[in-house]
Amino acid sequence: MVLRMSRLLVKTLRDDPADAETTSHRLLARAGYVRRSSAGMWSWLPLGKRVLDNVTRIVREEMDAIGGQEVLLPALLPREAYEATGRAAEYGDLLFRLTDRKGTAYVLGPTHEEVFTRLVKDQVASYKDLPVILYQIQTKYRDEARPRSGVLRGREFQMKDAYSFDTGEAGLAQAYRLHREAYARIFRRLGLDFRIVSAVSGAMGGSASEEFLAPAAAGEDTFAHCPACDYAANTEAVAFTAPPADAADHPPLEELDTPDTPTIGALAAFLGVPASATLKNLLVKVDGEITAVGVPGDREVDLGKLAEHLAPAAVELVTAEDFTGRPDLVRGYVGPQGLAVRYLADPRVAPGTAWITGANKPGRHAAHVVCGRDFTVDRYLDVAAVRDGDPCPRCGAGLTLGRAIEIGHIFQLGRKYTDAFQVDVLGPDGKPVRVTMGSYGIGVSRAVAAIAEQTADEHGLCWPPEVAPADVHVVAAGKGTRTELAAALAGRLDAAGLRVLLDDRDGVSPGVKFTDAELIGVPVIAVAGRRADEGVVEVRDRRTGRREELPADEAADRLAAMVAVRAATA
Ligand code: ATP
Ligand code: MG
C-alpha cells in the first residue's frame with residue numbers, strides 16, 4: 001500500500017510542544033504520530049497507529065507461539081471484584097471509579113487479574129483443562145498522578161496482559177519461563193536494548209517477579225547492575241545486609257546550638273562534618289499516622305521501597321498542616337530521641353551507632369546520639385535509596401546505577417487471586433486442587449515511546465525496520481519528471497509488497513520534505529530529484545546517513561530484496 005502524504009492526516013510541527021519533557025513525547029508529537037487529547041490521553045494518528053499495530057502484531061505472534069490464547073475482556077469492570085482482593089484500596093486514587101444508573105460501582109480496569117481468575121473459575125473444571133495461558137491486548141486505565149511524558153505514562157494506555165493457570169509449582173515455573181523467553185524475543189524484534197532485572201511485586205502480590213527495563217534517560221525507574229557478577233535489579237529490589245552492631249564506647253549525648261540548619265547540607269557545613277555522620281529523619285504518614293523514618297544523612301529515603309514494605313498501608317509525605325498543634329515535631333530539627341511517634345529506620349542505623357541529629361528544638365541538634373542507648377528503633381526496614389558504588393548484594397563489588405523505562409513485568413503470583421475467588425479444579429485423584437497463577441504485562445503503547453527514546457537522533461525518529469510505519473519513504477523533490485519518477489518507484493515497491501510512504505505534496509519545498517522525512521524516521525528514504533531525468537534516484541539510509549545514487553529500477557529491486565531478507569530472518 002502507498003500512503004500519500006498529500007492526503008495523509010499528518011501535520012509535522014517545527015517546534016516542540018511546550019509541555020514536552022522527553023524525546024519521545026517531543027518527536028512523536030512533532031512528527032504527527034500522536035496528538036494529545038486531554039491530560040494523559042492520546043490520539044494515535046495514521047503513522048502512529050501503524051507503529052502501534054506493528055508492535056501489537058509482534059507481541060501477538062510471540063504470545064501465540066508459546067500457546068497463548070487471545071481473548072478480549074471488558075475494560076469496565078465491577079468494583080466488587082477489586083474489593084474482594086483488597087486491590088481497590090491498594091490502588092487507591094490510581095483507580096478510575098464510576099457508578100452506573102442503578103448505582104452499581106465499577107472501575108476502569110488497571111490490570112485484570114481478578115476478572116481472569118473468575119473467568120477461569122467459571123470455565124475450567126478439571127486438571128485436564130490446564131495449563132492454560134490467556135492474554136489480551138487492551139486499553140487500560142490508571143489515574144496517574146503525573147501523566148507528563150507523553151505515551152510513556154498515559155492515563156489510558158495499551159497493555160498486553162497475560163495470565164497463566166496451572167495445578168502446581170512446576171507448571172507455573174514453566175509458564176513463567178515461557179513468558180520470559182517470549183518477552184526477550186519480542187523486545188529483540190522491537191529493536192529495544194533491554195535488561196531483565198529482579199523486581200518487587202507491588203500491588204500485584206506474589207513472589208518471584210522480574211521487570212524488563214529499556215535503559216533510557218527519560219525512564220522513571222532506576223536499576224542497579226553489578227559489572228562483576230551481572231546481578232541486575234530495580235533499585236527498589238536491591239536488598240541491603242546490615243553490618244554487625246558497633247560495640248564502641250561513645251561520649252554522652254550533647255546538645256548543640258545550630259541556628260538556621262534545617263537541612264542536612266546546612267548542618268554538615270555548619271559543623272564541618274560529612275553528611276554521613278548525621279541522621280536524617282523523614283516524617284511521613286502511614287495510613288494517616290505520622291511516622292518518622294531514619295536514614296544516614298548522605299542517603300535519601302526510597303519512597304518506593306518504603307511503600308513496598310508497608311503495603312497495603314498508604315504512605316504519604318507530611319504537609320505543613322500536619323505540624324499544626326504538634327509542637328513536639330520541629331520541622332528540620334527532628335531527632336529520634338524522646339520522639340512521640342513511631343520510628344522506622346534503615347538497618348544502617350544499627351544498634352551502637354552514634355549520630356548527629358535534630359534535638360527536637362528549633363535551631364538545635366544533638367551529637368553522640370547512640371542507637372539503643374538514646375533512642376530505639378520500632379522497626380527496621382531496608383528503605384535507604386541505593387547509590388552508585390554500593391556493594392552488590394550477591395558478590396560485594398560496586399554497583400552501577402542507570403535510568404530505564406519499564407516495558408514489561410512478569411510475576412509468579414501463586415495463589416493470591418485463586419484463594420480470593422476459591423478457584424479449584426478436580427485433580428487426577430478426584431480431589432480439588434487450588435490453581436496457581438502467573439501474570440505477565442507488556443506496555444504496548446509505552447513500548448512505542450521506549451523505542452523512540454532509544455533510537456531517535458538529532459534529526460528525528462529513526463525506527464527499527466519491523467516497527468516502522470513504512471519500509472521506504474519516497475520523496476518527490478520537485479515537479480514534472482521528479483514527481484513522475486517518485487510515483488513510478490512507489491508503484492514498483494508497492495507491487496513488490498513493500499509498505500511505501502510517498503511524499504507527493506505539491507507546493508512543499510524539497511528542503512522541507514527532506515527535514516520531514518528525517519523527522520518521520522522511516523528506515524530508507526528514496527529521493528527522486530536532481531537526476532530524475534536520467535531515471536536515477538538517491539537512496540539514503542536514515543540511520544547511518546549513507547547515500548547512493550542508482551537507477552530507479554535497480555533501487556526498487558534492491559529494496560525489495562532487502563525487505564524480503566528481513567522478513568525471512570524475522
Ligand atoms: P510503573 O511503575 O511505570 O507505573 P507499573 O509497575 O505500575 O508501571 P504494571 O502494573 O507492572 O505497571 O503494568 C505492566 C506494564 O504496563 C508495565 O510494565 C508498563 O510497561 C505498562 N504501564 C504501566 N503503567 C503505564 C502507563 N501509565 N502508561 C503506559 N504504560 C504503562
Ligand atoms: Mg510493574
Side-chain angles (χ1 to χ4, degrees), residues 22 24-25 28 34 36 39-42 44 48 52 55-56 59 75 82 85 87 90-96 108-114 116 135-163 179-180 183 186-187 190 192 194-206 208-216 218-223 233-237 302-305 307-308 311 403-413 416-417 438-453:
T22 59
S24 55
H25 184 179
L28 290 170
V34 298
R36 201 184 90 118
M41 317 287 263
W42 292 86
W44 293 81
L52 186 65
V55 172
T56 306
V59 169
Y82 288 78
T85 56
R87 284 216 300 181
E90 263 163 59
Y91 273 123
D93 288 341
L94 214 61
L95 265 193
F96 277 105
L108 290 175
T111 167
H112 278 58
E113 280 72 11
E114 283 79 354
F116 271 85
Y135 79 94
Q136 61 176 352
I137 296 166
Q138 194 226 26
T139 307
K140 295 280 186 277
Y141 297 86
R142 294 183 185 183
D143 195 359
E144 300 278 359
R146 294 172 303 128
R148 287 180 316 184
S149 323
V151 296
L152 267 179
R153 183 176 296 284
R155 297 201 296 162
E156 173 179 292
F157 60 98
Q158 298 297 310
M159 195 202 285
K160 186 286 298 175
D161 46 324
Y163 307 87
H179 280 89
R180 198 175 191 272
Y183 277 32
I186 289 167
F187 295 129
L190 294 181
L192 280 165
F194 65 93
R195 306 288 137 79
I196 305 177
V197 309
S198 310
V200 292
S201 302
M204 215 60 85
S209 148
E210 286 168 299
E211 282 168 350
F212 288 73
L213 298 183
E220 293 184 11
D221 281 75
T222 310
F223 72 103
N234 193 309
T235 46
E236 289 179 5
D302 183 328
L303 291 170
K305 275 186 165 185
E308 170 70 16
R403 299 288 281 175
I405 300 165
E406 181 189 324
I407 44 177
H409 199 163
I410 53 179
F411 298 88
Q412 294 195 24
L413 294 174
K416 167 171 174 175
Y417 296 89
S439 113
Y440 317 88
I442 289 183
V444 172
S445 47
R446 178 180 284 186
V448 173
I451 298 165
E453 287 292 337

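Just follow the structure's listing: the first ligand is 1, and inside any ligand the first atom is 1. Note that the coordinates shown come from a computational prediction; the quantities given were computed from them, not determined experimentally. One is the number of the first residue; the rest follow in order along the sequence.
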Within reach of ligand 1, part of Glu211 (heavy-atom separation under 4.0 Å): neither
Ligand 1 contact on Arg446 by region, counting heavy-atom pairs under 4.0 Å: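 Side chain only.
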With a cut-off of 4.0 Å, which atoms of ligand 1 are near a heavy atom of [X]?
X      : result
Leu152 : 28 (N), 29 (C)
Glu144 : 24 (N), 26 (C), 27 (N)
Ile407 : 18 (O), 20 (O)

Expected output: side-chain Ser198 to main-chain Ala233 donor-acceptor under 3.5 Å: no
Sidechain-backbone polar pair: Arg195 side chain, Leu213 backbone, donor-acceptor under 3.5 Å: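 Not a single qualifying donor-acceptor pair exists.
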For Asp161, all residues meeting side chain to side chain contact (heavy atoms under 4.5 Å, CB included), sequence neighbours excluded: His112, Phe116, Gln136, Lys140, Met159, Tyr163
At the Mg ion (ligand 2): angle between Glu406 atom OE2 and His409 atom ND1, to 10 degrees: 100°
Any nitrogen or oxygen of [X] lying under 3.5 Å from a nitrogen or oxygen in ligand 1? Just yes or no.
X      : value
Glu406 : yes
Met159 : no
Arg153 : yes

Closest to atom 28 (N) of ligand 1 among Gly154, Gly219, Pro110, Gly304 (heavy-atom distance):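 Among Gly154, Gly219, Pro110, Gly304, the closest heavy atom to atom 28 (N) of ligand 1 belongs to Gly154.
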Proximal candidate to atom 12 (O) of ligand 1 [heavy atom criterion; set Glu236, His409, Arg142]: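 Ranked by closest heavy atom to atom 12 (O) of ligand 1, first place is Arg142.
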Shortest non-hydrogen separation from Arg180 to Phe212 and the atoms involved: O-CZ, 3.7 Å
Check: [Y] and [X] side chains under 4.5 Å, non-hydrogen atoms:
X      : Y      : result
Arg446 : Phe157 : no
Tyr183 : Lys160 : yes
Arg148 : His25  : no

Sub-6.0 Å ring centroid separation between Tyr91 and Tyr82: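 No, ring centres 6.0 Å or more apart.
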